Amino acid sequence: MSNDPFDPANWDDTEPSAAPGAPAPILEPFYLEGLNPQQRAAVEATDGPVLVLAGAGTGKTRVLTTRIAHLLGTGKSWPGQILSVTFTNKAAREMQHRIAQLIGGVADGLSWLGTFHSIAARILRRHAELVGLKPNFTILDADDQLRLLKQLISAAGLDEKRNPPRALAGLIDRWKNRGLTPDRLNPEDNHSFADGRGRELYTAYQERLATLNAADFGDLLLHNITIFQREPEILAQWQRRFKYILVDEYQDTNVAQYLWLRLLAQRWRNVCCVGDDDQSIYGWRGAEVGNILRFESDFPGAKVIRLERNYRSTGHILGAASGLIKANEGRLGKTLWTEDALGEKVQVTGYWDGEEEARGISDAIEGMRGHGRKLAEMAILVRAGAQTRAFEERFVAVGLPYRVIGGPRFYERQEIRDALAYFRVTVQPDDDLAFERIVNVPKRGLGDATIQQLHVLARGRGISLHRAAGLIVETDEMKPRPRSALRDLMTGFERWRAIGGDLPHTELAQTILDESGYTAMWQADKSAEAPGRLDNLKELIDALAGFENLTAFLEHVALVMEIERGDGTQDMVTLMTLHGAKGLEFPVVFLPGWEEGLFPSQRSMDENGLAGLEEERRLAYVGLTRAREKAIVSHAANRRLYGQWQSAIPSRFIDELPGDHAQVEARPGLWGGLSERGGFTPAMNDSDLFGSRGLSPGFQRAAQNRAAGPAPRVGPRTLDLNADYVTSSDAGGDFKAGERVFHQKFGYGRISHIDGNKLDINFEKAGTKKVIASFVTKA
DNA sequence: CGTTTTTGCCTTTTT
DNA sequence: GGCAAAAACG
């Protein structure tokens, strides 16, 4: 441990004294230079609750970072006393980076700058035992979570088709986001899944997590809240520590995050929330715009500061975006302005179909490139990830370099998850989910039957699969082939754990992948993607080098699902979703697919009505305000969806763009009348029903769901976990030597020797076998 | 037990 | 139309 006073590890929890080692106050600190009056007010209002309403492009991050510099510079606080939370890892990195630029190394002590989840995880590790976990608990990702729920659903005797694990995952997530533990669930919440068995499954899920020593994402915050509410002493300790709290993107916080913040902020009440209600686009994930709308009543006496001067976009772009967002109700209201020139109007273009749209946009991109624009200055922002496909195809065809942001993420790739599972089992043998993932990868001849056997034993004895495997390979329960395969794997893990002490962890990781046969598996694979996967594994080992040990790396991976990639050198067009673009800016922004049903998404409107529509509109607002100089909106009359042609009318958002800021390229030929190509209009297309008669995909889906009718009743069944856990003759010591017993596979026999829970038995037909006690009953 | 064929579902958005 | 999981086959 260092002597660094900024290192929180060296920080005791005693009351901080007034101004620890404060540098002499400077009359006009350098970092305040160049701030506008509102920004400056937001920076200098250090004490008491502050809400900063920061419109798009108004210097929000600058205010946050400068405020931190100010807190440190005036000696009001140590770095370790500042809690600054962001929503995404990207934002956290960005802040860290910019503070370092501003004040240099002092920023290193800001160890409580991070995402809600990463900070909550750190706090939880210190008090894990209070919620029935060990400090080294695993953080489950979506995939693990789903597999677990699947097991629970079938254990409850429910049909997976009718009760999809995904739906349950979503439900539990929403409950957790609202701060609801199973015991706090309202009766009416309970009816939304499997005939009101949601709560039962939720409870079972939490129990499973506890036995697995695991927490999912929602738990990180929820457990924090539980601890804070139950242990006032612990809460007080954290409250004392965090003298200043800063929150980025406050409009995106959910109820759990809000509760967490409010608990922590209660002592000093120095909480500064920055956000923009017009950019709230995560309602589907539990974000409560209400949090920001209610701020003043939650924190009486709060200062509200509006940042309205935009430094990013031209007048026309700002005017178009402002005009659009006016259609929403229940806003706090801001009027963005700029001293910039009006610039070009937002251009709206109609196309015949999606292919023509992709062609048109790629032509426009090449045109601009011809006029000296860099590709990196241009971005295409789409509503849904799948929409990037059409552009990718076109760009590949014409050889235009592009990058897709947010596609399948590095740590979600199969080979990476497999490798990580090996590491997890090495570090934490009891991680059943990881164990299950790799027992038979590469193929070792350990199929369903073997795994089932392990499960039965593990549940019967209340131990992990890994330990069950350790036991069972000592016996003759298994056929020789799977048995020796399993034993090899187990000795492998033992060896890796043993050498882990001396070997650098990167080498250990490499050894694990090599010796387990995992690397060889992909080397032997002749498919096209195998080389890429091997590259990814190499990259994984490289990434590992940046961490102290495997454990630290695994923690990082669980919370930061992305990897820092050193691209950036090549000039490329950026392709991403509107959600992914929040917080970014580009000189030129293309906004394709503005069609009713696609954007605004039919599904959002079906599921959330007006609120859904307004969120879509905010998304459109976010999209437009990403542009500095040029925004180009487009829509297509026909689009292929699920392999079927659908025709669509232009998005209502296009109509809502004020005419004096938008230029609509008139192409009346596309709707009604004859089109330029061929003699028929979209109206004659057999699938024109979209929109005109309400048969959009979402509507059809909704209709089908309704038509599906109630589930056939299978009689009342209750989830009885005990039934699974208590198997016959659980206790091993119940047998005596010489006793006659029965075994499912080997038949009758007599016990010749007892070794703990392992029995040597002379079977009448099968000969002498070593067998686990729980597989035997008294005859 | 592992491979091939068939089905069914899907396109929001992410820590 | 494409992809992943289930089913069917060897």
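Keep in mind the model is a prediction, meaning the values are calculated, not measured. A note on names: the letters A, B, ... follow the listed sequences, proteins ahead of strands, and every chain is numbered from 1.
Nucleic acid contact class of Leu220(A) (heavy atoms, under 4.0 Å, all strands): none. Asp219(A) comes within 4.0 angstrom of no nucleic acid atom, judged by non-hydrogen atoms across all strands. Residue Ala449(A) is classed as a sugar-phosphate contact, given heavy-atom separations below 4.0 Å to backbone atoms only. Among the atoms of the strands shown, only primed sugar atoms or phosphate atoms (P, OP1, OP2) are found under 4.0 Å from some heavy atom of Thr115(A). Looking at heavy-atom distances under 4.0 Å, Ser118(A) makes no contact with the nucleic acid at all. Among the protein residues, Thr253(A) comes within range of no part of the nucleic acid, since none of its heavy atoms lies under 4.0 Å from any strand.
As rounded to whole Å, 19 Å separates atom C1' of dT14(B) from atom CZ of Phe410(A). Regarding Tyr282(A), its OH atom lies at a distance of 11 Å from the P atom of dT13(B), rounded to whole Å. In this structure, the CZ atom of Phe599(A) is 11 Å from the C1' atom of dT13(B), given to the nearest Å. What separates CG of Asp252(A) from P of dT14(B) is a distance of 12 Å, to the nearest Å. Note: CD (Glu616(A)) to C1' (dT11(B)) measures 13 Å, nearest angstrom. For the pair Leu575(A) CG and dT13(B) P, the interatomic distance rounds to 13 Å; values are reported in whole Å. Here the P atom of nucleotide dT14(B) and the CD atom of Glu412(A) are 10 Å apart, to the nearest Å. Between Arg122(A) atom CZ and dT15(B) atom C1' the separation is 17 Å, expressed in whole Å.
Under the Watson-Crick and G-U wobble criteria, each requiring two contacts below 3.5 Å, nucleotide dG2(B) is paired to dC9(C). Taking a pair to require two hydrogen-bonding distances under 3.5 Å in either a Watson-Crick or a G-U wobble arrangement, dC10(B) pairs with dG1(C).
For Phe217(A), the side-chain atoms get nearest to dT15(B) when compared with the rest of dT15(B), dC1(B), dG1(C). The side chain of Asn89(A) has dT15(B) as its nearest neighbour among dT14(B), dT11(B), dT15(B). Considering only side-chain atoms of Ala384(A), the nucleotide from dG1(C), dT13(B), dT3(B) that sits closest is dT13(B). Side-chain proximity of His579(A) to the nucleotides dT15(B), dT13(B), dT11(B) is greatest for dT13(B).
Residues Phe391(A) and Tyr402(A) place their aromatic rings such that the two centres sit no closer than 6.0 Å. A ring-centre distance under 6.0 Å is not found for Tyr351(A) and His635(A). For an aromatic pair to be called close, the ring centres must be under 6.0 Å apart, and His579(A) with Tyr282(A) satisfies this. Taking the six-membered ring for Trp, Tyr258(A) and Trp260(A) have ring centres at least 6.0 Å apart.
One finds no side-chain N or O of Thr86(A) lying less than 4.0 angstrom from the OP1 or OP2 phosphate oxygen of dT15(B). Contact check, Asn254(A) against dT15(B): no side-chain N or O comes under 4.0 Å of OP1 or OP2.
No hydrogens or angles considered: a donor-acceptor pair under 3.5 Å links the side chains of Gln251(A) and Glu249(A). Between the side chains of Lys176(A) and Gln206(A), at least one donor N or O sits under 3.5 Å from an acceptor N or O.
Within the 4.5 Å cutoff, the side chain of Gln279(A) has heavy atoms near those of the Lys582(A) side chain.
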Let me have a per-nucleotide readout for nucleotides 2-10 of chain C, 5' to 3', with B, S or -, counting only protein heavy atoms under 4.0 Å.
S---S----
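Nearest-nucleotide mapping onto DNA chain B: of Gly447(A) and Arg285(A), the residue sitting toward the 5' end is Gly447(A). The 5' end of DNA chain B is approached more closely, in terms of each residue's nearest nucleotide, by Arg166(A) than by the other of Asp173(A) and Arg166(A).
Residue side chain Trp284(A) meets the stacking definition with respect to dT13(B): its ring centre sits within less than 5.5 angstrom of the base's six-membered ring centre, and the planes differ by less than 30 degrees.
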Run Asp143(A) and Arg437(A) through salt bridge (charged side-chain N to carboxylate O under 4.0 Å, His left out) and show every step you take.
CA-CA 11 Å; Asp143(A) 204 67; Arg437(A) 185 181 176 94; 3.6 Å; yes
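A salt bridge links Arg652(A) with Glu596(A): the closest approach of a Lys/Arg side-chain nitrogen to an acidic carboxylate oxygen falls below 4.0 angstrom.
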